[in-house]
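Each chain gets a letter, A, B and so on, in the order the sequences are listed, and its residues count up from 1. What you are looking at is a predicted structure, and each value in this text was computed from that prediction instead of being measured.
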Protein chains: 4
Amino acid sequence: MDKIKDQIDLSDPKNKRQHILDAAYIVFSRKGFHRATVDEIIKLADTGKGTVYNYFINKENLFYTLIEERSAPFRHHISNIKKDNIPPLEKIRLMTREFLSFYDKHADLWRVFMHEVRCFGEVGYPGFSEEQQKKCRRNFEEPLETLEAVIKEGIEQGLLIVASSKQAAYGLLSAILAIVFQKLIGDEFDQTAENIARVFLFGIANK
Amino acid sequence: MDKIKDQIDLSDPKNKRQHILDAAYIVFSRKGFHRATVDEIIKLADTGKGTVYNYFINKENLFYTLIEERSAPFRHHISNIKKDNIPPLEKIRLMTREFLSFYDKHADLWRVFMHEVRCFGEVGYPGFSEEQQKKCRRNFEEPLETLEAVIKEGIEQGLLIVASSKQAAYGLLSAILAIVFQKLIGDEFDQTAENIARVFLFGIANK
Amino acid sequence: MDKIKDQIDLSDPKNKRQHILDAAYIVFSRKGFHRATVDEIIKLADTGKGTVYNYFINKENLFYTLIEERSAPFRHHISNIKKDNIPPLEKIRLMTREFLSFYDKHADLWRVFMHEVRCFGEVGYPGFSEEQQKKCRRNFEEPLETLEAVIKEGIEQGLLIVASSKQAAYGLLSAILAIVFQKLIGDEFDQTAENIARVFLFGIANK
Amino acid sequence: MDKIKDQIDLSDPKNKRQHILDAAYIVFSRKGFHRATVDEIIKLADTGKGTVYNYFINKENLFYTLIEERSAPFRHHISNIKKDNIPPLEKIRLMTREFLSFYDKHADLWRVFMHEVRCFGEVGYPGFSEEQQKKCRRNFEEPLETLEAVIKEGIEQGLLIVASSKQAAYGLLSAILAIVFQKLIGDEFDQTAENIARVFLFGIANK
DNA sequence: CATGAATGAGGATTCATTCAT
DNA sequence: CATGAATGAATCCTCATTCAT
């Protein structure tokens, strides 16, 4: 337990909010949304229960904020790669790296997120407006759409052959996700990223 | 609501156990494990609360039993394809079809299953021994290992080029899962299965 | 504390619902709505916390149900007096007795009720629809309107002189309420009822 | 909301204490004691949370102080009328006016006060001594006793016929209260005051 | 004095599970 | 076996109050 606490820098007496978010990251990742309790989070964040509710409307909102905070830089990166002046296939390679890196780092939280996002905004979730719900979904939809757009680029330039750019994007993404979620990456990160992109682009059949 | 009840055949006054399982299938698929309540299940199964606990140790056990029951025939099919006397690439094609078919049919339940399976058997779950937990995981590990074995066959016969057969299997599986979970299949099931297998085998780059 | 428990007949093992209502009556009357806790109610009712929520949607609903249950017979009596074939002044006399008797018996609960009813149905009260709210208000509005109608009868028959029948009804009612709430009745109930009706009808000035 | 804020003169940067009292008046009147939150009060008073506790021991004390402040001038007026050298019936008439005027102005706050005063000073209320509690009750007891004294005067002078001067005083007061609380006054304030006093003195029966 | 971030005791509510019938 | 009333542990959330700045 003390080992876990060390993962959160409590040396800074200010910024309780960040401590809570960091603690929530750990607990939500481990337990999932429902099994995670506010009590466990505050114990880890070394703070009072009320403090959580000073910063976040409720448990949902805490989770949602966490997702937003963690995915913001990633979404930025993906968006930038698309704007780069490089060939589509190279973009796909880079994006694969980026997706792999992000999902590897946040594998556990993201697994929880992708499971819970479907139920958010259902009846009985105050402080979670229709709009926030949509914004929440954008966290995984947007990067995917960007990837799809790049695949479309490749198709238009005659570089890729595929029936549905959407299916292709989902396929690539989920290959990454599956690898990550099963924790197969280990130390050969570069190799794995390369493999995924290569299989996706050229297949595994020996021609 | 009555429409839903029609999905369960209540004409047979005996076999309460099956009614409960069928109702549980619907509720767990819709709500996920935690948001599903025993109350909702028994209302749908048109039975009493105590009856559930006559047949199943607890909520986890009900869920677990449900998973076992639904995946048994699928595991059989996959196992049979492997034993077939046909080329590995053809086996991969057939397996892709089978995976796609099964996961499409049980997409919602399986999503829930794959999320919850990680926490099952944690401390505080009576009636869920270490062994049962392992058996539970076999429901998605076994078919995957069979697929991996076939990919290995292909590699050994020089038909496939891929660094890690395990990664390849996960990649193919997850491509299927992602497509299914995002409900992109629509009516062109055959086409989709073909596309996935083709991209996996030959890539999307235009060579 | 044990003395209080004796006020509730626990000899009947059935009818938990009534035990809860009886306990709620005592606690709400003593503490008011907000200071009353479900914990205290169940301790008095000698039941489990969940049992309360089997019978009542929430604390508000428990309170509301209590009010309904207690005022039903009273509303009936008042309604019957109006229909009686006796002179209006006699009806007023009888109604005064009835009001006095009812409000004396339920003085504490009614004080709480009349204070809380204004806030019921505000935002954040699930299980308390607009309609239920209105129905709730009827518990004190209806008997009052009946009294007003009788006063009107008296006016029409030239027996009473008063500017506003509504004001008159409120005046008589509240004279009763005030007396009761201040617990001035003591043992001379009959005398008190007579006094109130007489002052109301003939004034206190010595002509 | 801004409209409400305008009701409090914030132009004076000093005198935070009064701002808080004014804000408390509004919030307590609207929400009652329990539903009123310190947060809402300070938002309206445009001050910090700690400031409230610089001036008042706790929420109860803030409420109590508010009551004291508002009733002081009223109690003074009533006391003066009694000392006036005019006939008892005229005093009753004037007092009726005064009561009506005061309770009309502070109807909402007083309703809350009269409901809460019963629980004040119960166990667990620090900073609220037995003595303060008594002093608090004097705010409605004293004017009433003065009215009662005047009625006694009238009885002694053979002007009034009534069994209990206390009951009579309560009756008159509560008639006023009821009318006010139900907001029936409207614009005809003078007329209403006159009506109440007349009915009380001479009754409504047509002799 | 003024402030507001931090706190935690207290309370309402949910829901899996039991057990007497 | 079937049932469902009864249960209470577990959990989220509120809000008065404190105290360091």
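Between D/Phe63 and D/Phe28, the ring-plane angle classifies as perpendicular under the 30° and 60° cut-offs.
Side-chain atoms of C/Lys16 come within 3.5 Å of backbone atoms of C/Asp46 as a donor-acceptor pair (strictly under, hydrogens ignored).
Among the nucleotides E/dC1, E/dT7, E/dA12, the one closest to any side-chain atom of D/Asn54 is E/dC1. With distances taken from any side-chain atom of D/Tyr55 to the nucleotides F/dC15, F/dA2, E/dC1, the minimum falls on E/dC1. Here F/dT7 is the nucleotide among E/dT13, F/dT7, E/dT7 with the atom lying nearest to any side-chain atom of C/Thr47. Closest to the side chain of D/Lys49, from the set E/dA5, E/dA16, E/dA2, is E/dA5. For C/Tyr53, the listed nucleotide lying nearest its side chain is E/dT14; candidates were E/dT14, F/dT11, E/dA2. Each of F/dA2, F/dT18, E/dA12 was ranked by its minimum atom distance to the side chain of B/Lys16; first place goes to F/dA2.
Atom NE2 of A/His34 is separated from atom C1' of F/dA10 by 14 Å (rounded to the nearest Å). Remark: C1' of F/dT11 and CG of A/Leu62 are 15 Å apart, rounded to the nearest angstrom. Between the P atom of F/dA16 and the CD1 atom of D/Ile57 lies a distance of 16 Å, rounded to the nearest Å. What separates CG of C/Asn58 from P of E/dA12 is a distance of 11 Å, to the nearest Å. Between B/Ile41 atom CD1 and F/dG4 atom C1' there is a gap of 16 Å when expressed in whole angstrom units. In this structure, the CD atom of D/Glu40 is 14 Å from the C1' atom of F/dT14, given to the nearest Å. Protein atom CD1 of B/Ile20 is 12 Å distant from nucleotide atom P of F/dC1, rounded to whole Å.
The distance between the ring centers of D/His106 and D/Tyr25 falls below 6.0 angstrom.
Taking for each of C/Lys59 and A/Val52 the nucleotide of DNA chain E with the nearest heavy atom, the 5'-most of the two is the partner of A/Val52. With the nearest nucleotide of DNA chain F identified for both B/Gly48 and D/Val38, B/Gly48 has the one nearer the 5' end. Each of B/Thr37 and B/Gly50 has a nearest nucleotide on DNA chain E; the 5'-most of these lies closest to B/Thr37.
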Nucleotide-level pairing of DNA chain F, given in dot-bracket where Watson-Crick and G-U pairs need both distances under 3.5 Å and | marks other strands: .||||||||||||||||||||
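Here the side chains of B/Leu44 and B/Glu40 are not in contact, with every heavy-atom distance at 4.5 Å or above.
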